[in-house]
Amino acid sequence: MKILVTGGAGFIGSNFVHYLYGERPDWHITVLDALTYAGNLKNLEGFDESRYRFVHGNICDAELVDSLFAEVDAVVHFAAESHNDNSLHDPRPFLDTNVVGTYTLLEAARKYDRRFHHVSTDEVYGDLELDDPNKFTENTAYNPSSPYSSTKAASDMLVRAWTRSFGVKATISNCSNNYGPYQHIEKFIPRQVSGVLLGRKPRLYGAGANVRDWIHTEDHSSAVLTILEKGKIGETYMVGANGEKNNKEVVELILELMGKPTNDYEHVTDRAGHDIRYAIDASKLKRELGWEPKYTDFRSGLQATIDWYTANQAWWQPQKDATEAKYKAAGH
Ligand code: NAD
Ligand code: DAU
């Protein structure tokens, strides 16, 4: 099996490549990544060249994409502009990569009749009220809030259209918030952990009541591989691990696990259009494909993540000042 992984130098893509490399020793993995600010080749060290290769390039480059699709059996598509706050200040790259990039890949999947798995997000469904007894399912109506989530929603729609109209052999997964190693320090958990390591206070948007449904990134990887191998063409699968927590609870747990007073944080300007709550019902994936998450204890998963950022300061330190300068300009 020859597989192409787009966005494999980013957070979830690189965790998936490590997982796949360990789980499927007879597969050959090609990573295609543009190495934007979010991509890092240090995330992809230690692979044997007989089973792995890295291609530096853009998913919007139709000629390059065509040549790579010609050589592989299947594609898993992670590449994206992924950060909501960035999309509020400069939406254009989100349209280019998330919409035109996905279109470019779909045209190649169509031409070469390749199996295509599209990695998407629960944010396409908008948000839930804090007291809503419902969770997102595969049948929830699309209602994205941010430039980021609207471009991911558009990409999902393109995948569905290319499947129905052109017979592309595609599946889609919509996953909740990931945490774990190699996550860029612009994101909530690593931003706070790296800040505390530098003696700074965590920064909560608004009151900190917004809820996210946390899943360890390795559980996301196992879900994607399960869908790639056993998923039904044309289907969508929700991915989540019952990890709902509000942001204040997460910050307090980070402080406790890092040996600081649990009230030692600041409230900062809220995000425009901030989604209130995400919650995933993953019962279809469990019932139909037999998937189960392994990391169901958030406290120990978070401790392991804090340990990783503590041990890998050299990995994130070079990006800290530039990341915080962007936040400062936005009042966060
Ligand atoms: P990330 O920002 O950490 O990584 C994105 C990667 O894509 C980077 O390596 C970047 O260099 C690459 N990339 C960006 N534009 C590119 C282009 N035009 N051509 C080629 N490569 C390009 O993102 P992430 O958090 O790892 O998210 C990966 C995927 O998972 C995204 O599709 C995202 O929507 C989805 N997702 C993320 C989460 C989450 O919690 N982070 C949850 C659900 C779904
Ligand atoms: O739900 C899946 C989505 O999860 C993915 O599609 C996105 O790619 C991914 O970035 C993530 O989106 P969020 O916007 O939920 O993640 P973020 O880490 O930016 O923020 C998580 C929550 O924490 C959110 O409610 C905003 C809040 N926050 C964030 C930062 C950076 C803070 O309170 N303080 C902060 O400093």
Side-chain angles (χ1 to χ4, degrees), residues 5-16 31-41 43-44 55-61 64-65 76-88 93-94 96-98 100-102 104-105 118-125 127 136 144-146 148-149 151-152 155-156 173-180 182-192 195 202-215 217 220 224 239-240 245-248 250-251 265-271 274-280 323-324 327 330 332:
V5 178
T6 73
F11 163 45
I12 303 174
S14 64
N15 276 286
F16 178 74
V31 169
L32 170 62
D33 198 294
L35 296 179
T36 68
Y37 80 96
N40 190 340
L41 280 179
N43 301 359
L44 290 169
V55 177
H56 184 198
N58 197 306
I59 58 167
C60 299
D61 179 343
L64 173 64
V65 163
V76 180
H77 173 34
F78 291 95
E81 286 292 336
S82 69
H83 193 39
N84 277 298
D85 290 317
N86 293 343
S87 80
L88 293 165
F94 290 75
D96 292 339
T97 290
N98 300 359
V100 178
T102 302
T104 307
L105 299 173
H118 177 61
V119 177
S120 192
T121 168
D122 58 358
E123 296 197 15
V124 299
Y125 303 106
D127 58 357
F136 297 140
S145 314
S146 73
Y148 161 68
S149 53
T151 58
K152 290 298 292 189
S155 69
D156 291 10
S173 52
N174 294 87
C175 186
S176 59
N177 285 63
N178 285 219
Y179 72 98
Y182 301 116
Q183 185 168 32
H184 194 282
I185 52 164
E186 69 188 353
K187 302 297 194 313
F188 178 51
I189 289 177
R191 182 186 186 202
Q192 316 311 339
R203 298 172 79 80
L204 265 182
Y205 290 2
N210 304 60
V211 169
R212 295 295 181 264
D213 189 351
W214 293 99
I215 181 173
T217 193
H220 190 183
V224 168
V239 183
K245 300 250 171 309
N246 73 38
N247 295 337
K248 186 163 162 289
V250 174
V251 155
Y265 57 82
E266 290 170 349
H267 293 279
V268 295
T269 314
D270 207 350
R271 173 184 286 170
H274 197 173
D275 279 338
I276 294 167
R277 171 176 162 240
Y278 306 139
I280 291 264
T323 305
E324 289 304 318
Y327 277 128
H332 302 314

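Both counts, for ligands and for their atoms, begin at 1 and track the order of listing.
No donor-acceptor contact under 3.5 angstrom links the side chains of Ser176 and Asp213, judged on distance only. A side-chain donor from one of Tyr37 and Glu186 sits under 3.5 Å from a side-chain acceptor of the other.
Looking at Val100, Asp96, Thr97 one by one, the single match for side-chain contact (heavy atoms from CB on, under 4.5 Å) with Ile59 turns out to be Thr97. A side chain to side chain donor-acceptor pair (under 3.5 Å) with Ser82 holds for exactly one of Lys187, Lys152, His184; it is Lys187. Applying the side-chain contact (heavy atoms from CB on, under 4.5 Å) test between Asn210 and each of Leu204, Asn246, Asn247 identifies Asn247 as the sole match.
At a heavy-atom cutoff of 4.0 Å, ligand 1 is surrounded by Gly7, Ala9, Gly10, Phe11, Ile12, Asp33, Ala34, Leu35, Thr36, Ala38, Gly39, Gly57, Asn58, Ile59, Phe78, Ala79, Ala80, Ser82, Thr97, Val119, Ser120, Thr121, Tyr148, Lys152, Cys175, Ser176, Asn177, Asn178. A heavy-atom cutoff of 4.0 Å around ligand 2 is satisfied by the protein residues Ser82, His83, Asn84, Thr121, Asp122, Glu123, Tyr148, Cys175, Ser176, Asn177, Glu186, Lys187, Phe188, Arg191, Gln192, Arg203, Leu204, Tyr205, Asn210, Arg212, Asn247, Arg271, His274, Tyr278, Tyr327.
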### Message
Evaluate Ser173 against Val224 for side chain to side chain contact (heavy atoms under 4.5 Å, CB included), listing each step before the verdict.
### Response
CA-CA 7 Å; Ser173 52; Val224 168; 4.2 Å; yes

### Message
Under the criterion ring-ring contact (aromatic ring centres under 6.0 Å, His included), I'd like the reasoning laid out for Tyr205 against His332: C-alpha separation, chi angles, the key distance, then a yes or no.
### Response
CA-CA 7 Å; Tyr205 290 2; His332 302 314; 4.3 Å; yes

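For the pair Arg191 and Tyr327, the cation-pi criterion (under 6.0 Å, within 45° of the ring axis) is fulfilled.
Glu123 has its side chain within reach of Tyr278: a pair of non-hydrogen atoms, C-beta onward, lies under 4.5 Å apart.
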